[in-house]
Novice: 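Here it is, the structure in full.
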Amino acid sequence: MSVRFGQDDTPPASRSQPAQEWKLLLVGPRISRDVRLRRRLGAEYTIGAYDRAREAMATADAEGAGADLVIVEQVLLDGLGVDFLRELRVRHPDVVRLLVLENTDTHIVRDAINEAAVYQVLTSPWQPEQVHLAVRRALESRELARIHRYLSRELKFADTVVHRQNDAMRRTLKEVFSFDKLVFVSTAMAEVCNVARKAAFTDLPVLIEGETGTGKELMARAIHLFGHRHKRQFIPVNCGAFSDDLLQSELFGHKRGAFVGANSDRPGLFQTADGSTIFLDEISEISSTMQVALLRFLQEGEVEPLGSNNTTRSNVRVIAASNRPLRQLVAEGKFRQDLYYRLCGFELRMPPLRERREDIPALVQHMMEKYANASMRRIAGIASEAMARMSAYDFPGNVRELENEVRRMVAMAGDGEFITVGHLSPEISRAWQTSRPKRDKSRLSAESLPGKTLKEKVEYLEVQLVRNTLDRCHWNHSQAARELGLSRVGLANKIKRYDIQRAGSSAVSQTNDNE
């Protein structure tokens, strides 16, 4: 006995009880009375036989007593089979339709296919076995179509879920490894940007420190764009490019006659940029007089133009940047301590490129696409040897120097050409050649290592590795421990165990300075 899954889209595996039999309707004076056909089909299906189309349609319309397949003769007692199937298609589109003809009338076959959408046309003379086979194939096709609909819907749902999960993952990765126009893949930059995102949602001043070319202004712009002031202006001011009087006039404004050349009143940026963000680059270069004026503005939000005794209030967010550590300048007496603490509501340190070499390939790829598109050219890629040499170079000018290098390489490369070591600048090539002997010399053989036993040789290598990492990280214990894959406590234990000392100082002072 054939088992049906039903007309709904329930998966076969979810059925716990056997389903009812398929139900067939035989419609027509001859086919409904054919004993051999009814016996043949009745052994496998539930059969309903009707002489008239009206009775068959009433059965098909009955709730719970519908049909899965209908076999209709063309000539009925109350109409034509094609007309009956046409109406059945509209009222019960899921029912499989078969038409039995006495002859192969082309016109009737065309109407049956086009208007009634019959599954198959059977012509006389026909045999019960032939009809039985056609019925079996028709029901199999119907069930396969139902399973296909079910699986398609399930796959579409699964695809939607996967896409939703992928979108969530992409958003998470984008939040972690992108911040406006900053391009990076290193955890060092990710940590800085995570703090910057938190700073963006506040109005606290931000102090960004880092070497020249590390992207301090890009970071400041990103903080502004991610904050609630993103619809207002971002105004960069290079403090090192102005004299003391001009900088004070630029920021606070002046009255007519306040100094030589002040022929009219002029409002300062702190007044005109109310509600905006001002980026003070090279803040370490301002004079002590300017430091006092800036400290008052940060404390009280008051602006007093040069040559005036009147003050106005202004709501401006200040983001400052310096290529020299202000804490060191404070210790040297060159920068006010109270101003330093006012500026560093959030303090960010932009790591130089030599401390995040894993960012170099991503930056190179991004800059190659940028300048290739700008020059309407296509760069096929960059050779692995060229990328290795660039990744090994220290780039004293950091990202700015790297950008100039990539721009030069793109200009030298032909359209559709690969960038090779021949396109690198002489400085990178010379640095690579100079560093090769050092690398070769550093590859010590086991016989050349001090010590007689394996333990002594391993301890010697461990001491060298820890000392070199500490020197490279300027004895910053957190950074060195991260590079070595140790905890700060584990690193401190190794320093104490091997009595590793910083050049020119004792081990005790090292630990106290860096903890």
Side-chain angles (χ1 to χ4, degrees), residues 179-182 192 196 199-200 204-225 227 229-230 232-254 258-259 261-262 266-298 303 305-306 314 316-330 334-336 339-340 342-353 395-404 407:
F179 195 45
D180 193 42
K181 296 182 179 180
L182 292 167
V192 175
L204 290 173
V206 180
L207 176 61
I208 306 174
E209 294 183 337
E211 298 178 6
T212 300
T214 51
K216 296 186 291 295
E217 184 171 346
L218 282 178
M219 176 63 76
R221 286 184 183 274
I223 293 173
H224 168 72
L225 292 175
R229 299 174 187 257
H230 63 277
R232 306 302 296 270
Q233 287 181 301
F234 174 84
I235 305 172
V237 179
N238 190 339
C239 300
F242 293 91
S243 63
D244 189 48
D245 290 339
L246 287 178
L247 179 60
Q248 193 162 359
S249 172
E250 182 75 11
L251 296 179
F252 295 93
H254 63 258
F259 53 87
R266 182 179 185 275
L269 290 178
F270 284 147
Q271 290 177 282
T272 59
D274 187 28
S276 301
T277 301
I278 291 183
F279 173 58
L280 301 179
D281 197 9
E282 298 187 28
I283 191 70
S284 59
E285 305 301 321
I286 64 175
S287 65
S288 56
T289 304
M290 187 63 198
Q291 291 180 32
V292 174
L294 183 58
L295 175 63
R296 180 180 178 184
F297 172 74
L298 292 175
V303 179
L306 287 173
S314 179
V316 173
R317 182 175 195 177
V318 174
I319 301 178
S322 174
N323 56 11
R324 295 191 292 169
L326 291 189
R327 187 183 294 272
Q328 181 179 340
L329 296 180
V330 169
K334 297 179 181 179
F335 200 86
R336 294 181 63 95
L339 177 58
Y340 167 72
R342 280 289 176 181
L343 288 172
C344 64
F346 281 89
E347 188 171 9
L348 306 176
R349 177 185 175 271
M350 299 293 288
L353 206 53
F395 286 102
N398 294 294
V399 180
R400 186 177 295 120
E401 182 182 358
L402 175 63
E403 186 170 13
N404 291 336
R407 192 173 186 178

Novice: Applying side-chain contact (heavy atoms from CB on, under 4.5 Å), name anything that partners E250, two or more places apart in sequence or on another chain.
Specialist: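 F242, R266, L269.
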Novice: R342: which residues meet the salt bridge (charged side-chain N to carboxylate O under 4.0 Å, His left out) condition with it, sequence neighbours left out?
Specialist: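 Here no residue qualifies.
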Novice: Residues two or more places apart in sequence or in another chain: which of them pass salt bridge (charged side-chain N to carboxylate O under 4.0 Å, His left out) with E282?
Specialist: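 With sequence neighbours excluded, E282 shows a salt bridge (charged side-chain N to carboxylate O under 4.0 Å, His left out) to no residue whatsoever.
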Novice: So do the side chains of T277 and I223 get within less than 4.5 Å of each other, counting heavy atoms only?
Specialist: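 No. Closest side-chain heavy atoms not under 4.5 Å.
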Novice: First locate atom CZ of R327, then atom CG of L207, and finally report the distance between them rounded to the nearest 0.5 Å.
Specialist: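 Those atoms lie 10.0 Å apart.
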Novice: Could you give the distance from CG (L326) to CD1 (I283), rounded to the nearest 0.5 Å?
Specialist: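 Here the interatomic distance stands at 8.0 Å.
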Novice: Do L251 and L280 have side chains that get closer than 4.5 Å, going by heavy atoms?
Specialist: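 L251 reaches L280 side chain to side chain.
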Novice: List for me each residue that meets side-chain contact (heavy atoms from CB on, under 4.5 Å) alongside R400, sequence neighbours excluded, and say none if there are none.
Specialist: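 So R400 forms a side-chain contact (heavy atoms from CB on, under 4.5 Å) with T212, N404.
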Novice: Please name the pair of heavy atoms, one in M290 and one in L247, separated by the smallest distance, quoted to 0.1 Å.
Specialist: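 Closest heavy-atom pair between M290 and L247: CG-CD2, 4.0 Å.
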Novice: According to side-chain hydrogen bond (donor to acceptor under 3.5 Å, both in side chains), who are the partners of Q233, at least two apart in sequence or on a separate chain?
Specialist: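 Counting only residues at least two positions away or on another chain, Q233 forms no side-chain hydrogen bond (donor to acceptor under 3.5 Å, both in side chains).
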Novice: Excluding sequence neighbours, so at least two apart, what forms salt bridge (charged side-chain N to carboxylate O under 4.0 Å, His left out) with E285?
Specialist: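 Counting only residues at least two positions away or on another chain, E285 forms a salt bridge (charged side-chain N to carboxylate O under 4.0 Å, His left out) with R324.
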Novice: State, to 0.1 Å, how close I286 and C239 come at their nearest heavy-atom pair, and which atoms those are.
Specialist: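 I286 and C239 have their closest heavy atoms at CG2-CB, 3.7 Å.
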Novice: What is the distance from atom CD of Q248 to atom OG of S287, rounded to the nearest 0.5 Å?
Specialist: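 One gets 7.5 Å once the value is rounded to the nearest 0.5 Å.
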Novice: For G210, does its backbone N or O pair with a side-chain atom of K216 as donor and acceptor, under 3.5 Å?
Specialist: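 Flag set: sc K216 to bb G210 pair under 3.5 Å.
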Novice: Going by the rule side-chain contact (heavy atoms from CB on, under 4.5 Å), which residues pair with P236 if we only count those two or more places apart in sequence or in a different chain?
Specialist: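 P236 satisfies side-chain contact (heavy atoms from CB on, under 4.5 Å) with E217, R221, F234, F279 only.
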Novice: Taking only residues two or more places apart in sequence or in another chain, which ones pass side-chain hydrogen bond (donor to acceptor under 3.5 Å, both in side chains) with E211?
Specialist: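 If we apply the side-chain hydrogen bond (donor to acceptor under 3.5 Å, both in side chains) test to E211, skipping adjacent residues, the hits are R354, N398.
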Novice: For L329 and S284, which heavy atoms make the closest approach, and how far apart are they?
Specialist: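 Closest approach of L329 to S284: CD1-CB, 3.6 Å.
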Novice: Could you give the distance from CD1 (I319) to CG (D281), rounded to the nearest 0.5 Å?
Specialist: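 Taking CD1 in I319 and CG in D281, the distance rounds to 11.5 Å.
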Novice: What pairs with R407 under side-chain hydrogen bond (donor to acceptor under 3.5 Å, both in side chains), at least two apart in sequence or on another chain?
Specialist: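 Partners of R407 by the side-chain hydrogen bond (donor to acceptor under 3.5 Å, both in side chains) criterion come out as none, since no residue qualifies.
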Novice: Output all residues satisfying salt bridge (charged side-chain N to carboxylate O under 4.0 Å, His left out) with E347, sequence neighbours left out; order by chain, then residue number.
Specialist: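 Not a single residue meets the salt bridge (charged side-chain N to carboxylate O under 4.0 Å, His left out) criterion with E347.
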Novice: Give a yes or no answer on whether the side chain of H224 reaches the backbone of R232 with a donor-acceptor pair at less than 3.5 Å.
Specialist: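 The answer is yes, because a donor-acceptor pair under 3.5 Å joins these two groups.
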Novice: Under the ring-ring contact (aromatic ring centres under 6.0 Å, His included) rule, collect the residues that match up with F252, sequence neighbours excluded.
Specialist: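 Residues passing ring-ring contact (aromatic ring centres under 6.0 Å, His included) with F252: F270.
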Novice: Any idea which heavy atoms bring P352 and T214 closest together, and the distance?
Specialist: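 Nearest heavy atoms, P352 then T214: CA-CG2, 3.9 Å.
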Novice: Could you list the residues that satisfy side-chain hydrogen bond (donor to acceptor under 3.5 Å, both in side chains) with Q291, not counting sequence neighbours?
Specialist: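 If we apply the side-chain hydrogen bond (donor to acceptor under 3.5 Å, both in side chains) test to Q291, skipping adjacent residues, there are no hits.
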Novice: What is the minimum heavy-atom distance between A196 and L348, and which atoms define it?
Specialist: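 What the structure gives for the nearest pair is CB-CD1, 3.9 Å.
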Novice: Give, for atom CD1 of I208 and atom CG of N323, the distance between the pair rounded to the nearest 0.5 Å.
Specialist: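 Answer for the CD1-CG pair, I208 versus N323, is 13.0 Å.
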Novice: Say you draw a straight line from CZ of R317 to CZ of R229; how long is it, rounded to the nearest 0.5 Å?
Specialist: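 Those atoms lie 7.5 Å apart.
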Novice: Looking at R349 and V192, what are the two nearest heavy atoms and their distance?
Specialist: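 Answer, listing the atom of R349 first, then V192: O-CG2, 3.4 Å.
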